[in-house]
Amino acid sequence: MKEAAKQPPIRETRLSKTYAPAEVEARRYAEWVADGRFAAADDSDRDPYCIVIPPPNVTGQLHLGHALNHTLIDAMVRRERMRGKEALFLPGTDHAGISTQNVVERQLADHDGLSRHDLGREPFVDRVWDWKATYHERIVAQMKKIGDGVDWDRERFTLDDGLSEAVQTIFKRLYDDGMIYRAERIINWCPRCMTALSEIEVEHQDDAGELVSMRYGEGEDSIVVATTRLETMLGDTAVAVHPDDERYAHLIGKAVELPFTGRHIPVVADEHVDPEFGSGAVKVTPAHDPNDFAIGQRHELDAPLIMDERGVITAHGPFEGLDRFEARSAIAAALRSEGRIVSERRPYMHAVGHCDRCDTVVEPRLSKQWFVKVEHLAKLSADAVRDGRTRIHPPEMEKRYFSWVDNLLDWCISRQLWWGHRIPIWYGPDGDQVCVGPGETPPEGYVQDPDVLDTWFSSALWPFSTLGWPARTPALEKFYPTASLITGQDIIFFWVVRMMMFGTYAMGEAPFKEVYLHGLIRDKDGRKMSKSAGNGIDPLEVVDTYGADALRFMLARDAQPGSDNTASIELAEISRNFCNKLWNGTRFALMSGATVAGDLPAEPTLIDRWILSRLAQTVSTVDAYLEDYEFAKAIDALYHFAWDDLFDWYLELTKPVLAEGGPAADGTRRVLGHVFDHLLRLLHPVIPFVTEELWLELTGGEAREQAPADRPAPSLTVAAWPTAGAVDEEAERLVADLQHLVVEVRRFRSDQGVKPNQSVAARIAGLADARLADQEPLVRAFARLDEPGDDFAPTAELAVSDRVTVALDTSGTIDVAAERARLHKALGTAEKELETTGKKLGNEAFLAKAPDEVVEKIRTRRAAAEADIARINAQLERLEG
RNA sequence: GGGUGCUUAGCUCAGCGGUAGAGCGCUGCCCUUACAAGGCAGAUGUCACUGGUUCGAACCCAGUAGCGCCCA
């Protein structure tokens with residue numbers, strides 16, 4: 001039974017043969033929450049590290065983009081917790097004014113056939129709260145499923161009492177500072193949502209429209225104007241031309257007749273008209289176009305509204321009562337019959353604004369709304385980044401930040417909705433207004449403004465309102481400003497800039513020290529994921545099929561600053577495979593007696609030294625990458641360390657030692673435990689479930705079961721993050737040589753068709769020269785080479801390096817042709833190398849100008865090429881001779 | 001129209017002056033008691049195009065083409 005004794009001792013393990021995430025995840029998550037693993041303390045001595053969640057829409061559901069976002073935040077926070085920080089991932093949701101109201105209105109119409117007006121404001125809002133409760137629960141369940149390590153006791157909602165007080169407080173403060181005002185302006189109006197929108201809630205799409213040129217007036221006094229929005233002509237109050245445009249000089253100051261209306265409108269001269277565009281004359285509709293509004297103001301023109309809030313024409317005349325698009329065709333037909341149409345370009349591609357929420361074509365509309373004056377706030381926000389108080393990652397994103405914040409328009413904050421923070425302005429009977437702060441009562445007989453605030457107004461307060469502001473709470477003292485903000489780059493304008501504005505204004509300090517903007521999720525073909533395209537992947541399905549760790553690993557592994565993520569089900573599978581490999585590797589280490597008890601061996605084996613060095617390299621690499629939010633690279637380093645170094649080499653290389661037993665084996669078991677312990681720590685922030693399960697098994701299964709009920713058991717969530725040990729260059733070099741030797745022999749075997757389990761007698765020469773003499777048993781085990789017997793008759797000789805040769809007896813004919821072909825190919829490569837290096841070294845300019853170390857490197861390469869050529873030629877001769 | 005980014009192996013992407021890389025896929029062999037969700041070995045590229053700078057360019061500069069994103 002000599003053979004059996006050679007096997008490593010196999011111990012019992014309770015770990016199953018494959019990793020079954022579903023069984024582990026729910027149990028572990030509940031345990032973490034129960035043990036307060038994610039709870040942050042306001043009064044600890046630890047340094048704070050806080051990231052607030054970008055609050056998802058409470059009535060939405062989490063998609064892959066959220067999953068990516070949460071994974072990255074969670075990984076950062078978990079790592080900082082392991083590094084000893086008071087780490088807080090602060091959760092919450094957003095009331096999402098327009099979209100939530102839309103959803104409930106639709107449901108109300110479908111179920112009860114009622115409009116919100118039928119129901120009335122209070123009952124409608126109550127109904128939205130009910131709706132919110134249901135969907136909130138769902139979103140919380142989703143976050144738990146993907147493993148978000150958030151402090152649930154601190155969860156907030158943008159419409160809860162505290163945050164409502166924060167909203168009212170800042171409104172009052174801005175109002176008193178003269179930074180909130182009400183004015184008649186052209187705003188973006190959604191005729192379906194029946195509310196004002198801010199410019200960022202408008203999405204511009206290229207639509208195929210029609211550019212119609214038409215004639216106003218008659219004969220010499222007629223003038224041609226062009227438009228894509230024919231219906232607005234009903235609201236024209238002038239035609240404008242450039243003052244220097246000689247074609248129209250004679251008309252300036254005169255009036256032309258506006259068709260269908262009986263009105264005569266003046267021709268005015270305005271420098272902002274582009275004489276090159278179209279006919280050089282433009283119609284002016286001050287109430288329905290921002291540029292025209294500006295012209296109207298300069299020339300004191302009337303600004304009549306010609307449609308109502310639903311987009312129905314109200315201008316008296318033949319088109320009254322038509323929808324704006326019906327009116328457009330009706331007017332075209334009428335103009336045509338009057339012979340006023342000069343030309344029609346169709347299709348005419350141009351950008352048309354659509355409502356971000358319901359895709360309806362937005363109508364620019366003159367309307368009285370509330371605005372925030374942004375000039376000062378924008379400057380504060382820009383300065384915080386310019387001064388380096390807030391750093392943006394990746395740095396290229398700064399440009400986008402500045403281009404927005406430096407050109408910001410006043411922010412329209414009123415919305416004609418019922419779901420949201422009601423504007424705290426009360427109007428008196430005499431038309432005066434007061435702004436009511438928290439705890440104040442409006443004067444008798446005053447009525448409150450019916451409108452609510454833009455949702456982003458409340459989410460702009462998020463990094464400090466969630467911590468208790470306006471009260472100076474211990475949490476606020478401890479965690480503000482937050483460490484970092486991690487969010488999608490598509491939201492920089494909506495949200496990041498606005499948090500910067502309110503944070504710098506209300507707190508005197510930018511709300512985060514760093515901002516990391518990650519990419520969007522795309523499918524394998526680079527398309528944006530969407531339900532309509534049918535290419536969407538539901539993160540929860542990925543969790544169900546492959547586990548939460550696989551989902552998180554897949555997303556983090558692909559998160560490269562500055563570029564989008566590609567996601568596909570194959571990537572989830574690959575990630576699942578990694579988790580399973582990790583599971584089995586750890587399982588094997590356990591069965592081999594890996595331990596974390598006691599000190600590392602004082603005199604580790606070469607192989608042990610090597611893996612410890614590789615681990616040290618990996619720790620510093622991972623740390624360096626994570627500092628720069630280089631998630632993909634950090635994960636790549638861990639992936640290769642785990643799979644290539646640890647699983648493929650170290651676990652195999654240690655098998656003989658472990659089988660042998662004795663002090664060397666004890667030391668190796670200790671190193672094995674150490675390396676797995678640290679690998680699991682390093683991976684834990686990204687794949688928390690499988691690593692926790694394995695780590696407890698490895699380090700403290702028994703301690704866990706025996707822990708007193710009132711004290712949380714050990715957990716990887718609070719284990720210390722590894723610090724990099726020393727790099728052992730000698731061990732790295734020697735093992736690299738060993739690997740090269742083994743791979744060369746295996747390659748030869750494979751080329752010669754020798755079966756993997758078939759042993760081959762061989763004589764190895766030169767190992768001592770290569771300082772690998774001690775490793776001969778390992779080499780033999782790995783390459784399946786037997787000691788040469790008395791009848792040893794080598795059939796082939798491999799020159800593996802300039803020192804080591806291996807003579808093999810394949811006990812049969814070898815495939816000379818195959819081996820010769822391979823050698824000729826290798827010879828070709830070496831000869832080419834000799835040629836290129838020789839050329840360089842023969843170049844005076846290169847020798848004179850290239851840095852010494854480069855020249856030296858090329859010399860080394862040439863020498864190596866020469867040695868290779870000699871070695872290969874010798875081998876070829878032997879083969880042929 | 002104005003910005004801005006991309007184009008490297010079949011696919012997804014690293015590399016951003018000094019020997020072209022990874023993952024997946026592909027080919028061959030292997031169910032070797034940790035793992036077939038696996039092991040061993042292997043093949044694969046006018047680094048979009050055209051010029052320029054440089055001793056040297058996938059990398060820097062200019063232009064061209066195609067694709068994408070943001071803003072009007």
Counting only Watson-Crick pairs (N1-N3 plus N6-O4 or O6-N4) and G-U wobbles (N1-O2, O6-N3), all under 3.5 Å, who is the partner of [N]?
| N | value |
| --- | --- |
| B:C26 | B:G42 |
| B:A62 | B:U50 |
| B:U32 | none |
| B:G1 | B:C71 |

With a non-hydrogen cut-off below 4.0 angstrom, is [X] in contact with a base, only sugar-phosphate, or nothing?
| X | answer |
| --- | --- |
| A:Asp490 | nothing |
| A:Lys825 | sugar-phosphate |
| A:Leu651 | base |
| A:Arg749 | nothing |
| A:Asn757 | nothing |

Out of curiosity, A:Thr618 OG1 to A:Phe641 CZ, how far, rounded to the nearest 0.5 Å?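 Here the rounded value is 5.0 Å.
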Working to the nearest 0.5 Å, report the span between CZ of A:Arg861 and NZ of A:Lys840.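 Rounded to the nearest 0.5 Å, the CZ-NZ separation comes out at 6.5 Å.
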So for [X] and [N], does any side-chain atom that can act as donor or acceptor lie under 3.5 Å from a complementary atom in the base?
| X | N | answer |
| --- | --- | --- |
| A:Arg576 | B:A37 | yes |
| A:Glu652 | B:A34 | yes |
| A:Lys581 | B:C35 | yes |

Within the structure, does a side-chain N or O atom of [X] lie under 4.0 Å from either OP1 or OP2 of [N]?
| X | N | value |
| --- | --- | --- |
| A:Tyr639 | B:C24 | yes |
| A:Lys399 | B:G5 | yes |
| A:Lys755 | B:C29 | no |
| A:Asn577 | B:G38 | yes |
| A:Lys633 | B:G15 | yes |
| A:His204 | B:C70 | no |
| A:Arg400 | B:C70 | no |

With nearest nucleotide decided by heavy atoms, which residue, A:Ala850 or A:Gly585, maps closer to the 5′ end of RNA chain B?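 Going by which nucleotide is closer to the 5' end, it is A:Ala850.
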Let me spell it out: for each of A:Asn580 and A:Asp751, pick the nucleotide of RNA chain B with the closest heavy atom. Which residue's pick is nearer the 5' end?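 This one resolves to A:Asn580.
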Could you check whether the rings of A:Phe578 and A:Trp643 sit parallel, tilted or perpendicular, using 30° and 60° as the cut-offs?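 The arrangement is tilted - the two ring planes meet at 30° to 60°.
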Considering only side-chain heavy atoms of [X], which listed nucleotide, [options], is closest?
| X | options | value |
| --- | --- | --- |
| A:Trp643 | B:C55, B:C70, B:G38 | B:G38 |
| A:Asn584 | B:U19, B:A34, B:G18 | B:A34 |
| A:Asp636 | B:C40, B:A22, B:A34 | B:A22 |
| A:Val743 | B:A34, B:G23, B:A41 | B:A41 |
| A:Ile574 | B:A14, B:C40, B:G23 | B:G23 |
| A:Pro756 | B:C30, B:C55, B:G23 | B:C30 |
| A:Lys17 | B:A41, B:C29, B:C35 | B:C35 |

Answer yes or no: is there an ion pair linking [X] with [Y], defined by an N-O contact shorter than 4.0 Å?
| X | Y | answer |
| --- | --- | --- |
| A:Arg747 | A:Asp751 | yes |
| A:Arg749 | A:Glu744 | no |
| A:Arg871 | A:Asp868 | yes |
| A:Asp289 | A:Arg229 | yes |

What integer distance in Å separates [X]:[atom1] from [N]:[atom2]?
| X | N | atom1 | atom2 | answer |
| --- | --- | --- | --- | --- |
| A:Leu555 | B:U12 | CG | P | 18 Å |
| A:Leu653 | B:G39 | CG | C1' | 14 Å |
| A:Arg747 | B:C29 | CZ | C1' | 15 Å |

Taking the P atom of each, how far is B:U12 from B:G28, in whole Å?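 That atom pair is separated by 25 Å.
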B:C40 to B:G23 separation - P atoms, rounded to the nearest Å: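 12 Å, rounded to whole Å.
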